[in-house]
Amino acid sequence: MKSVLVTGGAGFIGSNFIHWLLKHDPEVRIVNLDALTYAGSLENLRDLPDESRHTFVQGSITDRELIDRIFAEHKIDTVVHFAAESHVDRSIHNPGVFVDTNVVGTFTLLEAARRFWLVEKTHPIEAVRFHHVSTDEVFGTLAPHEPPFEEDTSYAPRSPYAASKASSDHFVRAYNTTYGLPITISNCSNNYGPRQFPEKLIPLMVLNAVNGRPLPVYGDGMQIRDWLYVDDHCEAIWKVATKGRVGETYCVGGDNQPPNIEIVKTICSILDELQPDSEFTPHEQLITYVQDRPGHDRRYDIRIDKIHEELGWQPSHDLAQGLLDTVKWYLDNPEWIEAITKQSDLNTWMKKNYGERKA
Ligand code: NAD
Ligand code: TYD
């Protein structure tokens, strides 16, 4: 059995990963270390496929003593590191916590892995792996005709979030080249799907539309993201962590690049169909263009040839179906929305980020 430390497993991708991994690999036991910040919730860990192979620990990835205890008690041989502050807009308002969690937290985990795996040699070196989950935002922004990001594209982060993730990627790579720590990194594009905290574009638009609130589109709405259904990302991560070459980076993406406004309009038409009698139909009437995000990256696009050729991975969800399933999931889970709204700072955040944004 592998003994896997998942960090940030109560957040969006981390919790989907735990559901996915327990279902797809009977040979793993998981310890889930999560601080339960505003973005993490035990609601995301309800109805796991096999509770007995999952242990939850509340705590921070900056707490070295706690991490050492987890490594020792659970004989950790694999780390899949998701825990992070993840929202660009919050990084603009409050960058310090991004440095603490994303940079110092990653460094702290690397130090623990170095102690147990390289100094104390608790496992044979070929049996351990530190997989770092990162983002395509480390590469910066693309002009209209520039080629997609790929593994050797230079780093050019432009938001405090992207800069903190870039820094953590550099530390992870440095621990491989300097100490020989067996690492892999995946840089993935925007994810969507169930259990995403409703500060991000897709769930925010769904919840605002259902409730007749304005749909705040930044700038001209022509910014482009590459969208990947979260389960496809989970599969890619596990392939890289278990079969990827040590020291390597793999780019992951969905091969879907509509401009933001198209995503918002698609959500509106899905809701028009699912809720034809809503007083807010047609939901497009709620679209409101608002002041742009400072330093807003214009376009992302990412090449997935390496992971496809080496590991046989490719996305299996089509965007139209994935969006439909996602909208339905939010409509079918009002208790989740209520619990998440109550236990987080969502209402305060909405006022802070949108209250003074000019239309
Ligand atoms: P999220 O914000 O939904 O979840 C982050 C989780 O980390 C939360 O459960 C939170 O409680 C936990 N956490 C925060 N600080 C912590 C700390 N100090 N110690 C322990 N736990 C802490 O984020 P997400 O969207 O699930 O992203 C997960 C990872 O994937 C991040 O590293 C992010 O950079 C990366 N990523 C995200 C996307 C995306 O589209 N969401 C795309 C590519 C990569
Ligand atoms: P987001 O989901 O925050 O992800 P990221 O900034 O990491 O790509 O935003 C996705 C895109 O949607 C991004 O171009 C910003 C835009 N956006 C809006 O237009 N309005 C909003 O209220 C939000 C949250 C995002």
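Numbering of ligands and ligand atoms starts at 1, following listing order. We're numbering straight along the sequence, starting at 1.
- Between Thr288 and Pro214, the shortest heavy-atom distance links the atoms OG1-CB, 3.4 Å.
- A tilted orientation is assigned to the rings of Phe139 and Phe149, their planes being inclined by 30° to 60°.
- Classification of the Phe82-Phe17 ring pair by plane angle, with boundaries at 30° and 60°, yields tilted.
- Between Cys188 and ligand 1, a contact under 3.5 Å exists for no N or O pair.
- Closest to atom 20 (C) of ligand 1 among all protein heavy atoms lies Ala35 N, 3.3 Å.
- Using a 4.0 angstrom heavy-atom cutoff, Gly59 counts as in contact with ligand 1.
- Residue contacts with ligand 1: Asn191 is placed with a nitrogen or oxygen under 3.5 Å of a nitrogen or oxygen of the ligand (distance criterion only).
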Next on the checklist: Under the criterion side chain to side chain contact (heavy atoms under 4.5 Å, CB included), I'd like the reasoning laid out for Asn211 against Phe280: C-alpha separation, chi angles, the key distance, then a yes or no.
Outcome noted: CA-CA 8 Å; Asn211 293 296; Phe280 309 117; 5.8 Å; no

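- Here the heavy atom of the protein found nearest to atom 27 (O) of ligand 1 is Ile13 CD1, 3.8 Å.
- Near Ala39, meaning under 4.0 Å from any of its heavy atoms, are these atoms of ligand 1: 2 (O), 8 (C).
- Of the N or O atoms in Ser86, one or more lie within a sub-3.5 Å distance of an N or O in ligand 1.
- In terms of protein heavy-atom proximity, atom 4 (O) of ligand 1 is closest to Gly11 CA, 3.5 Å.
- For the pair Lys165 and ligand 1, the shortest N or O to N or O distance falls below 3.5 Å.
- At a heavy-atom cutoff of 4.0 Å, ligand 1 is contacted by the side chain of Tyr161 but not by its backbone.
- None of Lys306, Lys243, Arg129 except one satisfies the salt bridge (charged side-chain N to carboxylate O under 4.0 Å, His left out) rule with Glu248; the exception is Lys306.
- Residue Cys251 comes nearest to Ile307 through the heavy atom pair O-CG2, 3.4 Å, listed as atom of the first residue, atom of the second, then distance.
- Below 3.5 Å of separation, one finds an N or O of Phe82 facing an N or O of ligand 1.
- Both tests pass for Arg225 against the ring of Tyr300: distance under 6.0 Å to the centre and angle within 45° of the axis.
- Only backbone heavy atoms of Ser134 (N, CA, C or O) come within less than 4.0 Å of ligand 1; its side chain stays farther off.
- Taking a cut-off of under 4.0 Å to the non-hydrogen atoms of Gly40, the atoms of ligand 1 that pass are 8 (C), 9 (O), 11 (O).
- Counting only heavy atoms of the protein, atom 3 (O) of ligand 1 lies nearest to Phe12 N, 3.0 Å.
- If you look at Thr101 next to ligand 1, the close heavy atoms, those under 4.0 Å, all belong to the side chain.
- The backbone of Leu36, and not its side chain, has at least one atom closer than 4.0 Å to an atom of ligand 1 (non-hydrogen atoms only; backbone = N, CA, C, O).
- The side-chain hydrogen bond (donor to acceptor under 3.5 Å, both in side chains) check on Thr153 picks up nothing, with sequence neighbours excluded.
- Between Trp117 and Phe71, the ring center distance clears the sub-6.0 Å criterion.
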Next on the checklist: Before you tell me yes or no, could you show the steps for Lys75 and Asp77 under salt bridge (charged side-chain N to carboxylate O under 4.0 Å, His left out), namely the whole-Å CA-CA distance, both residues' side-chain angles and the distance that decides it to 0.1 Å?
Outcome noted: CA-CA 6 Å; Lys75 303 188 170 42; Asp77 55 39; over 6 Å; no

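- Of all the heavy atoms of Ser189, the ones lying under 4.0 Å from any atom of ligand 1 belong exclusively to the backbone.
- Here His170 and Tyr155 bring their ring centres to under 6.0 angstrom of each other.
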Just the distances, no angles: every ligand 2 N or O to protein N or O pair closer than 3.5 Å, one line each.
residue, atom, partner, partner atom, Å
ligand 2, 2 (O), Leu201, N, 2.9
ligand 2, 3 (O), Arg293, NH2, 3.1
ligand 2, 4 (O), Asn190, ND2, 3.4
ligand 2, 6 (O), Arg293, NH1, 2.5
ligand 2, 6 (O), Arg293, NH2, 3.1
ligand 2, 7 (O), Glu137, OE2, 2.6
ligand 2, 8 (O), Asn190, ND2, 2.9
ligand 2, 8 (O), Arg225, NE, 2.8
ligand 2, 12 (O), Asn260, ND2, 3.3
ligand 2, 14 (O), Arg225, NH2, 3.2
ligand 2, 14 (O), Asn260, ND2, 2.8
ligand 2, 14 (O), His296, NE2, 2.7
ligand 2, 19 (O), Tyr218, N, 2.9
ligand 2, 20 (N), Pro216, O, 2.8
ligand 2, 22 (O), Pro216, O, 3.3
ligand 2, 22 (O), Tyr354, OH, 2.6

Item to check | Derivation of the side-chain hydrogen bond (donor to acceptor under 3.5 Å, both in side chains) call for Arg195 and Tyr330 | outcome: CA-CA 8 Å; Arg195 307 186 196 94; Tyr330 284 96; over 6 Å; no

Checklist entry - For Glu27 and Lys2, what are the C-alpha separation, side-chain angles and deciding distance, and is it a salt bridge (charged side-chain N to carboxylate O under 4.0 Å, His left out)? => result CA-CA 6 Å; Glu27 296 297 312; Lys2 276 193 193 307; over 6 Å; no

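- The shortest N or O to N or O distance between Ile61 and ligand 1 is below 3.5 Å.
- For atom 10 (C) of ligand 1, the closest non-hydrogen atom on the protein side is Thr37 OG1, 3.3 Å.
- Among protein heavy atoms, atom 5 (C) of ligand 1 sits closest to Ala84 O, 3.4 Å.
- Looking from atom 30 (O) of ligand 1 to the surrounding protein, the closest heavy atom is Val133 CG1, 3.6 Å.
- Contacts with ligand 1 closer than 4.0 Å are made by no heavy atom of His87, backbone or side chain.
- Residues Tyr175 and Phe130 keep their aromatic ring centres 6.0 Å or farther apart.
- Taking distance alone, with nitrogen or oxygen atoms compared against 3.5 Å, Ser60 approaches ligand 1 more closely than that limit.
- Formation of a donor-acceptor pair under 3.5 Å by the Asp63 side chain with backbone atoms of Leu66 is found in this model.
- Residue-ligand proximity: Thr7 is placed with every non-hydrogen atom at 4.0 Å or more from ligand 1.
- The aromatic rings of His24 and Trp20 lie parallel to each other, with less than 30° between the two planes, well short of the 60° mark.
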Checklist entry - Hey, mind stepping through Asp169 and Ser134 against side-chain hydrogen bond (donor to acceptor under 3.5 Å, both in side chains) and telling me if it holds? => result CA-CA 7 Å; Asp169 291 13; Ser134 192; 2.8 Å; yes

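- Near Asn190, meaning under 4.0 Å from any of its heavy atoms, are these atoms of ligand 1: 40 (O).
- Between His131 and Trp238, the distance separating the two ring centers is not shorter than 6.0 angstrom.
- The backbone N or O of Ser269 lies less than 3.5 Å from no partner atom in the side chain of Glu284, so there is not a single donor-acceptor pair.
- Among the atoms of Asp34, some N or O lies under 3.5 angstrom from an N or O of ligand 1.
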